[in-house]
Amino acid sequence: MTQAEGGAAGRPRRLLVRDLAQVASPAGVAAPLRGAALGEIDVVEDAYVLCGGETVEAVGRMRDLPALDGDVLELDGRGLCAVPGLVDCHTHAAFGGDRVEEFSLRAGGASYEELHARGGGILSTVRATRAAGEDGLRAAVTTHAAWMRAHGTTTFEAKSGYGLDRETELASLRAVRDAGGAPTWLGAHAVPPEFDGNGDAYLDFALAHVLPEAAGLAEAADVFLERGAFDAMQARRYLEACRDAGLALRLHGDQFTEQGAIPLAVELGARSVDHLEATGDAGVRALSASGVVGVLLPASALFLGRPMPPARALVDAGAAVALATDFNPGSAFCESLPLCCSLAATQLRVSPAEALSACTVNAAHVLGRADRLGRLAPGYRADLVLLDAPDWRYLAYHLGGDVVARVVVAGELG
Ligand code: NIG
Ligand code: FE
C-alpha cells in the first residue's frame, strides 16, 4: 500500500483499490432482485474501485482510470477480486454460552426438537444468556460481529430472543445496536420457563412490558411460528402489535412444519419469511407471487441434518430470495456467508451469481437498506470484500476456504 503525495483540505479522503482481477456487483438498481435479474452480475475485468469518503465514487477498467489529484490512499489489488460487502440479514448473535454438549448428543442421534422439548435447546441458551448480564452480552456480540467481519460481512442483523425477560431482551437489542448491527426483537422465540408453557400469558407480558421499549431499539420484530413454539394465532397477535408499534415484520416459518407462516406474512406485508425447509408447492407459489422475501438458511439445514429449502423452485417461480447464516449456538454455529454461498451452489442449486445477489442486494432489502448497500456502484456505501481469487465466483467455489483477503467498510480499510 502506498500513500500518494498531495493534499486537498476539505475533500473526503479517497481510497483507490487498483489492478483488481475483477469487480463483480449485482446489475441494475432494482431491489429486491427476482427471476433472471437475480443472476445478472456486472463483472469488470482488470478493474479499480475508487472510494470517496464513505461512498463508492467510481468503478471501472484500469485503462480508463483518470489521473487523480490530492490525497489518495492506494491499495494493490493484484490477484484479488472485489464484491460488495456481504449483508447477513438473519443472525442470532446475542447469546451467552454455547451448545457444544447438545451438538455432541445430536451427533449421536438425539433430535433438535426432542432436546428442545426436554428443556434444552433454545431454553438452555436462555439460561446462559440471562446469566451473561449486559456486559457479557456486549462482549459476546462484539466477538461474534468480529467473526462475521472476518468472513466478509460488513452489515449484520441480529435478533434478541434468548433473554425472554424484559431486562435481557432490551440488553440484547442495545448490545446489537451498539455493535453496529440492525437489531430485531425476537420476543416470540420460545415460551420461557416461568410461564410454564402458557404462550398466551407470556405474550401478554411481552407485549405489555417489553414491546414499548423494544420498539425504540429494534428495527423489526420476528416470531418463531412452529409446533412447540408459537401458533399462527399467537404469531398474528404478536406481529400485529409490533407492526402497530412501528416495527417491520419477519417470521421464522416452515422450519420443521408448515403452520401458516407464508399466508400470514403475505397478509401482514412482512419483510421476510425465513427458513422454508418444509415449504410445499402451494407455499412456493404464494411466496413467489408476493413481495415477501424468502430467506434461505442452508447452514441451519446442514447443521441439523434437515432437508434443504426448495430454493430452486422459489427462484424459478420468481420469488425474491435472500441468503443468510442464521448464526446461533444451536441450529447453525456458522458465521460465514461465503460458506453459505458454497452451500447455495452445491445444495440449493442456486448459482454463484444468484447467491451473490441474495446475500448482498436482496439481504439489504430485507434490512431496508437496499438504496445504499449491496452493490459496488457510485453512491453506494463503500463496503467491499476483497477475495483472494482470480475469479469472483471463488466466493462460492472455495468450499470452506480462506477466501476473504481484506474488507473495506465505509471506505476504511479493515
Ligand atoms: O433460526 N428456529 C428457531 N430459532 C433459531 C435456532 C435457535 C436455537 O436453536 O438456539 C433458528 O434456527
Ligand atoms: Fe433463525
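Everything numeric in this text was worked out from a predicted model, so none of it was measured. Below, each value reflects all heavy atoms present in this structure, side chains not excepted, and no hydrogens, waters or symmetry copies. Ligands are counted one by one from 1 in listed order, and the atoms in each one are counted from 1 as well. Numbers here simply count residues along the sequence, with the first being 1.
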Heavy atom of His116, distance to ligand 1 below 4.0 Å: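 Under 4.0 Å: no for His116.
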Part of Glu226 within contact of ligand 1 (heavy atoms, under 4.0 Å):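 For Glu226, there is no contact with ligand 1 at all, from either part.
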Ring-ring centroid check Phe195 Phe205, cutoff 6.0 Å: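 Here the rings of Phe205 and Phe195 have centres that are less than 6.0 Å from each other.
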Pair Phe327 + Phe156: ring centers closer than 6.0 Å: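 No; Phe156 has its ring centre 6.0 Å or more from that of Phe327.
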Rounded to 10 degrees, the angle OD1 of Asp326 makes with NE2 of His252 at the Fe ion (ligand 2):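 Result: 170°, to 10°.
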Opening angle between NE2 in His92 and NE2 in His90, taken at the Fe ion (ligand 2), to 10 degrees: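 So the angle at the metal works out to 100°.
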[X] versus [Y]: any side-chain heavy-atom pair under 4.5 Å?
X	Y	result
Cys334	Leu339	yes
Leu304	Gln255	yes
Pro338	His398	no
Val295	Arg250	yes

Min N/O separation Asp326 to ligand 1 under 3.5 Å: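 For ligand 1, there is an N or O atom that lies under 3.5 Å from one belonging to Asp326.
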Students should be able to answer this: which protein heavy-atom is nearest to [atom], and at what distance?
atom	result
atom 7 (C) of ligand 1	Tyr162 OH, 3.2 Å
atom 9 (O) of ligand 1	Tyr112 OH, 2.4 Å
atom 4 (N) of ligand 1	His189 NE2, 2.8 Å
atom 12 (O) of ligand 1	Ser331 OG, 2.5 Å

Proximal ligand 1 atoms for His92, defined as those under 4.0 Å from one of its heavy atoms: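 Checking each atom against His92, I get 1 (O), 4 (N), 5 (C), 11 (C).
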Proximal atoms of ligand 1 relative to Gln255 (non-hydrogen, under 4.0 Å):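 Ligand 1 atoms under the 4.0 Å threshold to Gln255: 2 (N), 3 (C), 12 (O).
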Residue of the set Thr154, Thr325, Thr153 for which side chain to side chain donor-acceptor pair (under 3.5 Å) holds with Asp88: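 Passing option: Thr325.
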Glu54 atom CD, over 12 foreign heavy atoms within 6.0 Å: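 Open: at most 12 neighbouring heavy atoms sit under 6.0 Å from CD of Glu54.
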